[in-house]
Amino acid sequence: MVPLFSAEGLSSLVFIFIVMTTVLGAVIATHSERLIRAVTGLAICFIGVAGLYYYLNSPFVALMEMLIYVGAVCVTIVFAVMLADPKPEGDTTKQSIFTGPLSFALGILLFWGLSALAGKTTWVAPVGRVNDGSLEEVGRALLTNYSMAFELISVVLLVAIIGALVLAREGRTRTGGES
Amino acid sequence: MSIPAFGDSLITYLIIAALLFGIGFYGLVHRRTLIGMLIAGELILAGASINFMAFNRFLAPDPTVGQIFTLFIMGIAAAEAAIALSIIIAVYRNYRSIDVDDVAELKG
């Protein structure tokens with residue numbers, strides 16, 4: 001426990017606000033009927049997650065979270081929503097057994113199970129740290145220990161870009177041939 | 001007046017990650033459109049990333065491993081989102097719908 005009117009207390013208040021932002025964004029992302037609002041909720045949730053990363057001593061990963069998820073992934077999903085023009089989910093009449101209370105019960109069960117598991121386990125703190133986890137150490141580890149994975153992920157991204165272009169272009173020529 | 005220091009305990013982050021995972025799983029089962037399911041999948045990946053970062057901060061002897069793992073998750077998730085969205089666009093061009101109940105031609 002820390003006193004409320006101090007730097008630690010203020011930081012704890014901001015942490016609670018960030019957690020509420022994250023959970024609220026996640027609920028909006030799964031519950032809104034219009035998909036464009038769901039994407040907005042996802043962006044809010046990712047801003048909250050970036051705040052959590054900041055509290056976990058990793059401002060670089062928080063910055064990357066904002067840059068990649070909020071800046072790139074959410075905008076890409078917005079483009080897909082504009083191109084695909086989905087109808088709102090509320091007026092659908094087809095309901096299966098999974099979409100109702102069963103999915104809610106499954107989500108609650110997973111949350112409860114994982115939380116109980118986290119609470120019951122005794123976590124062992126490390127005896128020492130080999131470095132301080134700063135950005136300099138992250139960059140050094142990326143270019144020494146993990147350089148193979150670092151190169152492979154660039155290949156994966158290249159293949160993903162080419163694959164996305166091929167998939168989107170194929171559909172375009174087909175509709176162009178029909179018209 | 002005093003307030004618990006939530007940001008300094010591992011269990012808080014684990015519970016938040018479990019909550020995000022549960023909400024994401026619920027959305028993945030509950031949603032009826034492909035884009036909605038993709039959004040729920042991103043929530044699940046965010047929960048997994050928070051777990052990695054929390055273990056990295058509190059338990060790992062080498063505090064760069066979790067950050068690098070989270071960066072790799074971000075890269076893979078960006079590639080996955082790009083591929084999934086282009087598949088969704090292709091499905092929409094063929095079926096004029098992205099509802100999972102309409103895209104059921106292979107259903108037996």
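Quick note: numbers below take in every heavy atom, side chains included, and nothing from hydrogens, waters or symmetry partners. Letters A, B, ... are given to chains in the order of the sequence lines, protein chains preceding strands, and every chain is numbered from 1.
Between B:Tyr26 and A:His31 there is a side-chain heavy-atom pair separated by less than 4.5 Å. For the pair A:Tyr53 and B:Thr70, the minimum side-chain heavy-atom distance is below 4.5 Å. When side chains are defined from C-beta on, A:Leu42 counts as touching B:Glu42, because their heavy atoms get closer than 4.5 Å. In this structure, A:Thr22 and B:Leu19 have side chains that are not in contact, with every pair of non-hydrogen atoms separated by 4.5 Å or more. Side-chain contact between B:Met74 and A:Val61 is present, with heavy atoms from C-beta onward closer than 4.5 Å. Two residues are said to be in side-chain contact when any heavy atoms from C-beta on lie closer than 4.5 Å; B:Phe58 and A:Leu56 meet this criterion. Put simply, the side chain of B:Pro61 does not reach to within 4.5 Å of the side chain of A:Arg129, judged on heavy atoms.
Contact count against chain B (heavy-atom pairs under 4.5 Å) is highest for A:Asn131 among A:Val73, A:Thr76, A:Asn131. Among A:Ser11, A:Pro126, A:Ala38, A:Gly107, the residue making the largest number of heavy-atom pairs under 4.5 Å with chain B is A:Pro126. Across A:Ala26, A:Gly163, A:Ala105, the residue that shares the most heavy-atom pairs under 4.5 angstrom with chain B is A:Ala26. By number of non-hydrogen pairs under 4.5 angstrom with chain B, the leading residue of A:Ala84, A:Gly113, A:Ala125 is A:Ala84. Comparing A:Ala164, A:Cys74, A:Ser134 by heavy-atom pairs within less than 4.5 Å of chain B, the highest count is held by A:Ala164.
Remark: the backbone N or O of A:Ala168 is paired with a side-chain donor or acceptor of B:Arg93 at under 3.5 angstrom. Side-chain N or O atoms of A:Ser12 include one that pairs as donor or acceptor with a backbone N or O of B:Pro4 at under 3.5 Å. Here the side chain of B:Gln67 pairs no donor or acceptor atom with the backbone of A:Val138 at under 3.5 angstrom.
Residue A:Glu137 touches chain B through both its backbone and its side chain, counting heavy-atom pairs closer than 4.5 Å. With a 4.5 Å cut-off on non-hydrogen atoms, B:Ile11 touches chain A through its side chain but not through its backbone. With a 4.5 angstrom heavy-atom cutoff, B:Ser97 touches chain A only via side-chain atoms. For B:Ala60, the part lying under 4.5 angstrom from a heavy atom of chain A is the backbone only. Both the backbone and the side chain of B:Ile39 come within contact range of chain A, judged by heavy atoms closer than 4.5 Å. Proximity to chain A (any heavy atom under 4.5 Å) is shown, for B:Ile76, by both the backbone and the side chain. Using a 4.5 Å cut-off between heavy atoms, B:Ile15 touches chain A through backbone and side chain atoms alike. Contact annotation for A:Ile77: both backbone and side-chain heavy atoms come within less than 4.5 Å of a heavy atom of chain B. With a threshold of 4.5 angstrom between heavy atoms, B:Leu59 approaches chain A through its backbone and through its side chain. If you measure heavy-atom distances from A:Val39 to chain B, the contacts under 4.5 Å come from both the backbone and the side chain. The part of B:Ile98 that comes within reach of chain A is its side chain, from C-beta onward, which places non-hydrogen atoms under 4.5 angstrom from that chain.
By the criterion of side-chain heavy atoms lying less than 4.5 angstrom apart, applied directly or through intervening Ile, Leu, Val, Met, Phe, Trp or Tyr residues, B:Val29 is grouped together with B:Ile23 in one hydrophobic cluster. Note: the hydrophobic cluster containing A:Phe111 also contains A:Met20 (ILVMFWY, side chain heavy atoms under 4.5 Å, direct or indirect links).
Within a 6.0 Å sphere centred on OH of B:Tyr95, other residues, nucleotides and ligands contribute more than 12 heavy atoms.
Here the straight-line distance linking atom OG1 of B:Thr64 with atom CZ of A:Arg140 works out to 10.5 Å at 0.5 Å rounding.
Between B:Phe55 and A:Trp123, the two ring planes are tilted [angle within 30° to 60°]. Using a 30° and 60° split on the angle between ring planes, B:Tyr13 and A:Phe15 fall in the perpendicular class, above 60°.
Taking the six-membered ring wherever Trp is involved, the centroid distance between the rings of B:Phe25 and A:Phe104 does not fall below 6.0 Å.
The side-chain contact (heavy atoms from CB on, under 4.5 Å) test with A:Val49 is passed by exactly one of B:Ile16, B:Leu20, B:Leu43: B:Leu20.
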